[in-house]
Visitor: 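Structure incoming, see below.
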Amino acid sequence: MEYQLTAEVDPPADAPALDALQRHGVAALLDEHLELLADIEGPDGVQIEPLDHRISVRPGGASITWVLDAPALAFAEDAARQVLGELLERTELLADWRVGRCEVTASDADLAAMAGADGTDDGDVQIEVDLDGIAELADSDVDERRELLLDVAGELAAFGYDAFGYDESAGEDGVSEEAAELAAGALMTGLDVLTDELFADVQTLEDSGMPAGEQEVLWALHDLPSRFAAHYTAQFAKKFLLTTAVLGYRLTQPEWDGPRSVAEVLAVRLLVQAARHQLDLAGLADELPLARMFEAFEEYALDGVDVDDLYADGEPDEADVDADPDEFVLADWFEPLEVDESADAVRS
């Protein structure tokens, strides 16, 4: 029989309210792990099948509506509570969250009755949706995201707004000061998201013992040059995470002297992708000249260092394939950057 179950998962009591970006991240984490569940083994080896789920995240926690196929109501509730508890424990970013309410709210018979499945008119249920209310909530969420971007823009001290193409004399055809400010805020919020994603990737690689090339799901490392994925081990991911952390610190300092390694160049490129996503979430993708702003930023921040060859299609050289992952990636990409000044190209 199918059961519709509602579960509440809550952060620690003293945790601050989740902002819009954090709510998005919580929803993404829960959805990813629930999607991976195929079958649940309940008490005494009873098999329970997850059929569908919906997730709603609020400032103080998350609600999960879950449809399960189980032999009895008690099996559905017990198995769901156990699985959700284990899911939170194994998800580093949610490890201190706890399962609260977890109970069946409707069975097959209840759902059939509500839908008028017996063919009588009396059972029909009319559902009215307040579209104006939904639009108002969506606008409120977008406004909140924009305000967040503007609030954190000042944390980016390494660059002025001119790094995004802002020029006071350019007039209406140029990048406005507010647009550059939003881009700066998107970089700083994107940095937090990118860091969390790298933490998750490190955990995935450590748990599996296999490199990125053998993984189906990764958060950030899949955006690195794919032809070297066999070298993206857990140790590589940790060093890349450290590089990103150092990059984050450097962005808050008043001086920028160019990228210090190939890994930092790649981290900047991943950060730009994360920033563009933040602006998209804030409903700004169609309002701002994103391509112009971030092309200007990469040109300014990367100081002419070009790693496009690493993203070229095809397989790496035979020597690269045979090289020990630690010797190849960790030694080359994390060493201080050498630049051929005559060609402005990375020496490898």
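Just so you know, these numbers use all the heavy atoms, side chains as well, and skip hydrogens, waters and symmetry mates.
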Visitor: Quick one, Leu30 and Val9 - any side-chain contact, counting heavy atoms below 4.5 Å?
Guide: yes
Visitor: Got a second to check how far Thr189's OG1 is from Asp151's CG, nearest 0.5 Å?
Guide: 11.0 Å
Visitor: Might you point out which heavy atoms bring Glu197 and Trp219 nearest each other, and give the distance in Å?
Guide: CB-CB, 3.4 Å
Visitor: Could you walk me through whether Phe236 and Phe334 pass ring pair (Phe, Tyr, Trp, His ring centres under 6.0 Å), step by step?
Guide: CA-CA 10 Å; Phe236 169 89; Phe334 295 92; 5.6 Å; yes
Visitor: Mind checking what makes salt bridge (Lys or Arg N to Asp or Glu O under 4.0 Å) contact with Glu103, not counting sequence neighbours?
Guide: Arg101
Visitor: Check this for me: Gln253, atom CD, are more than 12 non-hydrogen atoms of other residues, nucleotides or ligands nearer than 6.0 Å?
Guide: yes
Visitor: Going by the rule salt bridge (Lys or Arg N to Asp or Glu O under 4.0 Å), which residues pair with Glu206 if we only count those two or more places apart in sequence or in a different chain?
Guide: Lys238
Visitor: Going by atom types only, do Glu264 and Thr243 share a side-chain donor-acceptor pair under 3.5 Å?
Guide: no
Visitor: How close do Phe164 and Ala296 get, heavy atom to heavy atom, and via which atoms?
Guide: C-CB, 3.9 Å
Visitor: Would you mind reporting whether Leu5 and Thr65 have side-chain heavy atoms less than 4.5 Å apart?
Guide: no
Visitor: Which atom names give the shortest non-hydrogen contact between Val57 and Arg23, and what distance separates them?
Guide: O-CD, 3.5 Å
Visitor: Does a salt bridge link Glu89 with Arg98, judged by any charged N lying under 4.0 Å from a carboxylate O?
Guide: no
Visitor: Are Asp96 and Pro11 side-chain neighbours, meaning at least one heavy-atom pair lies under 4.5 Å?
Guide: no
Visitor: In this structure, are over 12 heavy atoms from other groups packed under 6.0 Å from Phe199 atom CZ?
Guide: no
Visitor: Would you mind reporting whether Leu93 and Leu29 have side-chain heavy atoms less than 4.5 Å apart?
Guide: yes
Visitor: Measure the OG1-CD distance between Thr204 and Gln215 for me, rounded to the nearest 0.5 Å.
Guide: 6.5 Å
Visitor: Quick one: does Asp280's side chain have a donor or acceptor within less than 3.5 Å of a partner on Ala285's backbone?
Guide: no
Visitor: Under the 3.5 angstrom rule, does the side chain of Arg227 hit a backbone N or O of Tyr311 as a donor-acceptor pair?
Guide: no
Visitor: So that I can tick it off, tell me whether Arg269 and Asp308 are bridged by a salt bridge, with the cut-off set at under 4.0 angstrom between side-chain N and carboxylate O.
Guide: yes
Visitor: Check for me, please, whether Leu150 and Val175 land in the same ILVMFWY cluster - side-chain distances under 4.5 Å, paths through other members count.
Guide: yes
Visitor: Measuring from atom CZ of Arg146 to atom CG of Leu281, what distance do you get when rounded to the nearest 0.5 angstrom?
Guide: 12.0 Å
Visitor: With a 4.5 Å heavy-atom cut-off, do Asp10 and Val99 have their side chains touching?
Guide: no
Visitor: Following the transitive rule for hydrophobic clusters with a side-chain heavy-atom cut-off under 4.5 Å over Ile, Leu, Val, Met, Phe, Trp and Tyr, establish whether Phe240 and Val246 coincide in one cluster.
Guide: no
Visitor: Quick one: does Arg250's side chain have a donor or acceptor within less than 3.5 Å of a partner on Pro259's backbone?
Guide: no
Visitor: Distance check, rounded to the nearest 0.5 Å: Leu266 atom CG versus Leu310 atom CG?
Guide: 6.0 Å
Visitor: Using the rule given for ring pair (Phe, Tyr, Trp, His ring centres under 6.0 Å), can you reason through Phe228 versus Trp333, listing the C-alpha separation, both sets of side-chain angles and the distance that settles it, and then say yes or no?
Guide: CA-CA 12 Å; Phe228 302 109; Trp333 289 13; 5.5 Å; yes
Visitor: Is the shortest side-chain heavy-atom distance between Leu271 and Thr244 below 4.5 Å?
Guide: no
Visitor: Does either side chain, that of Asp207 or that of Gln203, offer a donor lying less than 3.5 Å from an acceptor on the other one?
Guide: yes
Visitor: Do Leu284 and Leu187 belong to the same hydrophobic cluster, where Ile, Leu, Val, Met, Phe, Trp and Tyr are linked whenever their side-chain heavy atoms lie under 4.5 Å apart, directly or via other members?
Guide: yes
Visitor: Are Val193 and Leu182 linked, directly or through intermediate hydrophobic residues, by side-chain heavy-atom contacts shorter than 4.5 Å (ILVMFWY only)?
Guide: no
Visitor: If only atom types and distance count, is the side chain of Thr91 paired as donor or acceptor with the main-chain N or O of Leu88 below 3.5 Å?
Guide: no
Visitor: Heavy atoms, side chains only, cut-off 4.5 Å: are Tyr232 and Leu218 in contact?
Guide: no
Visitor: Taking 4.0 angstrom as the limit, do Asp31 and Arg54 come out as a salt bridge?
Guide: no
Visitor: Can you tell me if Asp223 uses its side chain to pair, donor with acceptor, with the backbone of Leu270 under 3.5 Å?
Guide: no
Visitor: Within the 4.5 Å heavy-atom criterion, are Leu302 and Phe297 side-chain neighbours or not?
Guide: no
Visitor: Just how far is it from atom CG of Asp196 to atom CG of Asp201, taken to the nearest 0.5 Å?
Guide: 11.0 Å
Visitor: Using the rule that two of Ile, Leu, Val, Met, Phe, Trp, Tyr join whenever any of their side-chain heavy atoms come within less than 4.5 Å, decide whether Leu279 and Tyr161 are in one cluster.
Guide: no
Visitor: Could you give me the CA-CA distance, side-chain angles and deciding distance for Glu8 and Arg58, then say whether salt bridge (charged side-chain N to carboxylate O under 4.0 Å, His left out) is met?
Guide: CA-CA 11 Å; Glu8 305 285 344; Arg58 59 190 185 283; 3.2 Å; yes
Visitor: Given 3.5 Å as the limit, does a donor-acceptor pair link the side chain of Asp69 with the main chain of Glu49, or not?
Guide: no
Visitor: Can a donor-acceptor pair be found, under 3.5 Å and without considering hydrogens, that links the side chain of Ser208 to the backbone of Met210?
Guide: yes
Visitor: First locate atom CG of Leu288, then atom CZ of Arg276, and finally report the distance between them rounded to the nearest 0.5 Å.
Guide: 10.5 Å
